[in-house]
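Every chain is numbered from 1, with letters handed out A, B, ... down the list of sequences.
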Amino acid sequence: MYLEIFETIKRALFAATGVQNPPLTDGGTHADFATAIAFERAKELRRAPMQIAEEIAAALAKDPSLKGIRIETKGPYINFHTGSGFLRSSLEAALQPGYGTLPLKTGRVVLEHTSANPNGPLHVGHIRNTVIGDTLVRLFRKAGHQVEVQYYVNDMGRQIAIVAWGFSHLDSSRKEGEKGDHHVARVYIAANRELEKDPGIVAGVDLLMQQVEKGDAATTALFRNAVSECLEGFRVTLSRLYARHDRFVWESDFIRNGDTERLLARIRRMDECHEDGKLWLDLSKEGFEKEYVLRRSDGTSVYAARDLAYHIWKGRNFDRMIDVLGADHKLIGSQLIATLRLIGEKVPEIVHFEFVSLPEGSMSTRAGKFVSADELIDEVTRGAYEEVDSRRDDLDEETKLAIARSVAIAAIRYDIVKISPEKSTVFDWKEALDFERQSGPYIQYAHARACSILGKAGPFEPAYEFAMESEIALAKHIAKFPYVIQNAVRDLKPHLIATYARELADLFNVFYQFEPVLKSTGMTRQSRLTLVQATKNTLAETLGTLGIDALVTM
RNA sequence: GGGCUUGUGGCUUAGCCAGGAUAGAGCGCCGGGCUUCUAACCCGGAUGUCGAGGGUUCGAAUCCCUCCAGGCCCGCCA
């Protein structure tokens, strides 16, 4: 209903003023919707905005499509107030399962996220990528898009060659109970120490890279085994975070299937292409001063070439490509896009996020300086368990542990997604272990409270009579949910849904505090139960898009 | 040195792209609220030169310019 009314008012404003895409905002405390369009018209008409607002309002009042909407002017502003019918139909929609799901879209979307190098476990920086990416996936699906989620496995870079070297030259046995990704990190860190001591080892690493590019069977198997072991660990961590990939795409496949070679052949025909041992593109006309190298003088391809081949493949199989990448990929991301444009291929939409660092400085897998996602999940789960244990002695161990696990993931995912991606952050244990307001558990708690009321209420007939301020504010916010989904997907901004969820929980808690539900009677009781049911449903749908369990009790 | 990006109360942060009605929150601080639907909660209070300075505009946290500070990038690494 919110979406429909919003569009209806916009159309009416266009009809009344001739302004394309007229400004229309949420009315905040003043109204349901508001516009400052009179200011804009004042310039052109050279008359007082207040007077113009009056005239526009008068024209709108005659518009039959705005029937039931009260229009008032407040100085130069025009305010719109929706009637009780609006809240009723919004809540009716909110009672339905799957509330907020938008109509099915045509076209297929491929979304790539995480894609960390398989040389050690995912750490607190990588999972910013995971959480942003996975939340986007959920939002896109909620908005009616068909999405395939991909993980691009970097299985032939220098870092993997170093891992492979370590596996074949150092003591690399796996410890009892050690996760594959942690094992690989241990070998990688040890190999790097050797490299520092003896730079001569670089030649051995280079040789491995050349052999793998040529398709040497033994070297390929060596790489593949190490990468597989690491991925096995990634899958466990990703699934603990409720992030699922539909497909793991191996970078080396684009060498093996000839795509990279075919791409380089196309590149060679371009005016911007230069070959002087190495093969590179001159993108200076596109604003890039550095040489964009695609093949080394020893004949091996570089990451950029394989990434181009990967994107060409994605572009031919999907209608939209979305990549979630760290801020360190900004330059190469725009070089990739510029090159794809030059050769007439589809380009990706890239969502960049800034870095997560530790209080003592930036993270480094090579130096072993990182907080792993596994460690974070374990620690936060422990904290959550203490919290559950201290307040629920009526529950058995298994249930308490299950709640703690859900609460921990909620805390972690929400902490990450609530921050705008363009902000660099410093990881903080104290914040990670905070389960109070503006946290995932806070939103889960509101949901559990709603469930508790509904469980005690028994069956009831829906009703829609709201008189109290907290009831109306809550109902209006519920009505906005589809609008928020639409905007979050349009702007590729998952944190919008995080903010929405928190506001919804805030409003519900205020309502909960002031308006008794079970103790009220008659129509008031029915209406409040309806509101609780709609809130519960909307919270559950919202939590679903955030990848957080909607707990029934906690 | 060049490019990208961030700078909002003690701390964390929303709002900025699409300029408008008193700049929203949380933590921390001070003061209240559990024989009442789960207090992982709620209410009240103090705290802001929206990094600094110019400009555009009837109007700037929001747009433009300069400067300062932090982050990231500038490899025949990925």
Any salt bridge linking [X] with [Y]? Criterion: basic side-chain nitrogen under 4.0 Å from a carboxylate oxygen.
X	Y	result
E291(A)	K278(A)	yes
E422(A)	K493(A)	no
E213(A)	R296(A)	no
R382(A)	E379(A)	yes

Taking only N and O in the side chain of [X], is any of them less than 4.0 Å away from OP1 or OP2 of [N]?
X	N	value
K423(A)	G7(B)	yes
H329(A)	C74(B)	no
T425(A)	U12(B)	no
Y442(A)	C42(B)	yes
R306(A)	A78(B)	yes
R437(A)	C42(B)	yes

Within the structure shown, what part of the strands sits under 4.0 Å from [X] by heavy-atom distance: base, sugar-phosphate, or nothing?
X	value
E422(A)	sugar-phosphate
A34(A)	base
A327(A)	sugar-phosphate

- List for me each residue that meets ring-ring contact (aromatic ring centres under 6.0 Å, His included) alongside Y151(A), sequence neighbours excluded, and say none if there are none.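 Testing Y151(A) for ring-ring contact (aromatic ring centres under 6.0 Å, His included), a comparison that skips the adjacent residues, returns H245(A), F248(A).
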
- Query: Mind checking whether Y500(A) and H477(A) have ring centres under 6.0 Å apart?
  - Reply: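 Between Y500(A) and H477(A), the centre distance is under 6.0 Å.
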
Rounded distance (Å) that lies between atom [atom2] of [N] and atom [atom1] of [X]:
X	N	atom1	atom2	answer
L492(A)	C17(B)	CG	P	17 Å
Y512(A)	C41(B)	OH	C1'	8 Å
Y414(A)	U13(B)	OH	P	14 Å
F353(A)	G71(B)	CZ	C1'	14 Å

- 5′-ward residue of the pair E289(A)/D276(A) relative to RNA chain B: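 Its nearest nucleotide being more 5', the pick is E289(A).
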
- Item | U62(B) versus A18(B) - spacing of their C1' atoms, nearest Å |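 Those two atoms are separated by 11 Å.
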
- Message: Taking only the P atom of each, what is the distance from C64(B) to G7(B) in whole angstrom?
- Response: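 Result for the P pair: 14 Å, nearest Å.
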
With a 3.5 Å limit on both atom pairs, tell me what [N] is paired to, counting Watson-Crick and G-U wobble, or say none.
N	result
A14(B)	none
G1(B)	C74(B)
U66(B)	A52(B)

- Is there a donor and acceptor pair, one atom on the side chain of D155(A) and one on the base of A78(B), closer than 3.5 Å?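 It does not, because no donor-acceptor pair links the side chain of D155(A) to the base of A78(B) below 3.5 Å.
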
- Above 12 or not: heavy atoms from other molecules or residues under 6.0 Å from NZ of K214(A)?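 Atom NZ in K214(A) is not packed in, count stays at 12 or less.
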
- Check each residue of residues 295-303 of chain A for a non-hydrogen atom within less than 4.0 Å of any atom in RNA chain B, then write out the ones that pass by number, or none.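 Listed by number, they are R296(A), S297(A), V302(A), Y303(A).
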
- Query: Judged by modelled atom types alone, do N509(A) and R449(A) share a side-chain donor-acceptor pair under 3.5 Å?
  - Reply: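 Distance-only check passes for N509(A) and R449(A).
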
